[in-house]
Structure formats: structure tokens, C-alpha cells
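Let me begin by presenting the structure, written as C-alpha cells, before commenting on it.
Counting starts at 1 for both ligands and their atoms, following the listed order.
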Amino acid sequence: MTAFLAIGIWLSLAAGGGQTVVTPEPIPAPRAIPCYSLEAPARIVEGWWDRELDSYRIPLDSIPSRTHLRFTEDASVPYGAELRSRFGGRRGRKHKGVDIPVPTGTKVTAVFGGTVRLSAYHNGYGNVVIIRHPSGIETCYAHLHKRLVSRGDVVEAGQVIATSGSTGRSTGPHLHLETNYCGRHFDPEFLIDFSTGTLRAREFMLRREMLIK
Ligand SMILES: [Zn+2]
């Protein structure tokens, strides 16, 4: 027993004085991505940047407590109809956007100008397009009938990006619209008055407590 212990100590000293030789490779943390930047680091692009609904995966406490958003252009949204479903609580599940009741085939326009980050089919969201805007926020358009843009496309506010539909987990034709920041969702009605289709303000203070996962 003593001999085995002595041999063990000798082997461990010979291997480097008993220090741990193998250190696990640290997993690159995505928290370094500035949410306000239009471009993401290449390693993120290669991974899930343009493939997943939430490409940020940032802990809530590392999102700035207050973010000053500025908008230089008008919003472009279908408006006039009463929203079918608002943001927030819905039968125990959080509704991450607003539902605008429009018939299948209605032209869907980019709310603001920006770059298409994702244009894909998703089980729940159906045909979905996500656009990143220079302000740092993203808009997400779901349950689309047809997607008319591809990732990387630069679009202007009001440009037709899709037609609305009822694909994915949807109970009928409508446009599900989200406003997102750092992979979290905030109420589009903070920003847009859907009865008139106009911005509520040109400058907007987004507080962390407005964000839900
Ligand atoms: Zn919805």
C-alpha cells in the first residue's frame, strides 16, 4: 500500500508536480456581443447567429438597465384593426408579441429599415423573418404565408418582406409581430400605436424590466 502511494506520488511529480495537466476548453461566452451592433462577431455568425430565434443568450442582468433608442424613420405596420391578442399573459404562457388580424396574403412590410438576420421555417413560428435595426432592436414577423427576403438582405422601412398567413402553431390568419432586444421581448405597443400605425415617440427609453424571455 505504502509502495503504491510512493509510486503514485512519484508519477504525479514526474507529470508536473501534481498539477492538473488537462484544463477544459472554456466555452466562448456570447455576452460580449453588443446588442446595439448591427454586425456580430464571425464566430457567432458561424454558430447560431443567423439560425436561431434568440441568437444572443445573454443573462438578463448583463443587459443594460436602460437603453436609449432613437428612431429616425416612421414605423410601417398594418393598422386600424383591433389587435387580436396583446403582449404578455395568456393562459399561463407569455405572449411575446402582438397579433394583428390580417387575412392570408396581406403584404407584410418591414417596420423599420435594417438587415434580415433570419428568414426560415420554425415549428412554432411557422415562416418567420427577423430584421435587425440600427437602433439595436429586432422585429420578428411570424406565421407568414410566404417569405420574400433572405438573410443578409438590407431592407427599407415599408418594404414588402413577406405575405401574412397562418403557418406554424397558429389558430388562424394573422401577423404575429415582436419587438426584441438582446434576445428578450418587449411590448410593441410601447413603441407603436396600432390604431394609427404611428410611433409613440422618436426617442424611447427601454428599461430592462420591460423585457421578458
Ligand atoms: Zn402572437
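For Asp99, the N, O or S atom closest to the Zn ion (ligand 1) goes by the atom name OD1. Within His95, NE2 is the N, O or S atom that lies nearest to the Zn ion (ligand 1). Nearest N, O or S atom of His176 to the Zn ion (ligand 1): atom ND1.
Listed by first and then second residue, the side chain to side chain donor-acceptor pair (under 3.5 Å) pairs that reach into residues 147-156 are Asp50-Arg151, Ser119-Arg147, Asn127-Arg147, sequence neighbours excluded.
Using a 3.5 Å distance cut-off with no hydrogens or angles, the side chains of His143 and Ser166 do not pair a donor with an acceptor.
Judged as a side-chain hydrogen bond (donor to acceptor under 3.5 Å, both in side chains), and not counting sequence neighbours, the contacts of Arg207 are Glu209.
Inter-residue side-chain proximity for Ile137 and Leu69 is flagged as met; some heavy-atom pair is nearer than 4.5 Å.
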